[in-house]
J.: 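Handing you a structure now.
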Amino acid sequence: GGKWLAPIRMRVDTTTWSQATQATNESGFSAIHSGICSPCNDLFGMASWWSSTPKGPVAATYLAVTSGDFPIWTADFGRTAGMSIRCVKD
């Protein structure tokens, strides 16, 4: 379950997702489709957030939840891209 069920428990059921999506928001995180605004103006079918982890002088790690049945994933991306920021209390 864990990493495969987490996106379902984080997503809010809205019509902003690009496909039919299971969403319960049991976690209370309220992941809403937000995409990535990159220099080439790509808005992908996902909710993505910057982490506080820098990756070198021009990149940082981000987390994403897609509209499909995939686990939460992380990747590095150039800091010039536009992504959401979520404040999470420890």
Side-chain angles (χ1 to χ4, degrees):
K3 69 179 184 176
W4 292 93
L5 292 177
I8 294 170
R9 293 176 177 155
M10 292 175 68
R11 288 188 293 244
V12 173
D13 188 15
T14 70
T15 58
T16 62
W17 293 99
S18 61
Q19 64 186 40
T21 302
Q22 286 184 295
T24 66
N25 196 33
E26 290 174 53
S27 69
F29 186 79
S30 302
I32 298 172
H33 172 265
S34 57
I36 299 172
C37 183
S38 71
C40 30
N41 294 320
D42 295 327
L43 291 174
F44 303 104
M46 68 174 94
S48 54
W49 307 271
W50 286 117
S51 77
S52 59
T53 307
K55 289 293 180 176
V58 296
T61 300
Y62 73 97
L63 296 89
V65 173
T66 67
S67 58
D69 294 327
F70 302 101
I72 296 172
W73 55 280
T74 63
D76 300 333
F77 209 80
R79 290 188 218 168
T80 57
M83 282 189 238
S84 298
I85 298 173
R86 294 293 298 258
C87 297
V88 180
K89 186 177 178 180
D90 253 344

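In this chain, numbering begins with 1 at the start of the sequence shown. Just so it is clear, the model here is predicted, and its values are computed rather than measured.
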J.: Could you pull out all residues at least two apart from Ala64 that satisfy side-chain contact (heavy atoms from CB on, under 4.5 Å)?
T.: Met46, Ser48, Tyr62, Trp73
J.: What's the shortest heavy-atom distance between Ser52 and Pro54, and which atoms?
T.: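 Shortest heavy-atom contact: O-CD, 3.2 Å.
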J.: For Thr53, give me all partners under side-chain contact (heavy atoms from CB on, under 4.5 Å), at least two apart in sequence or on another chain.
T.: Ser51, Lys55, Thr61
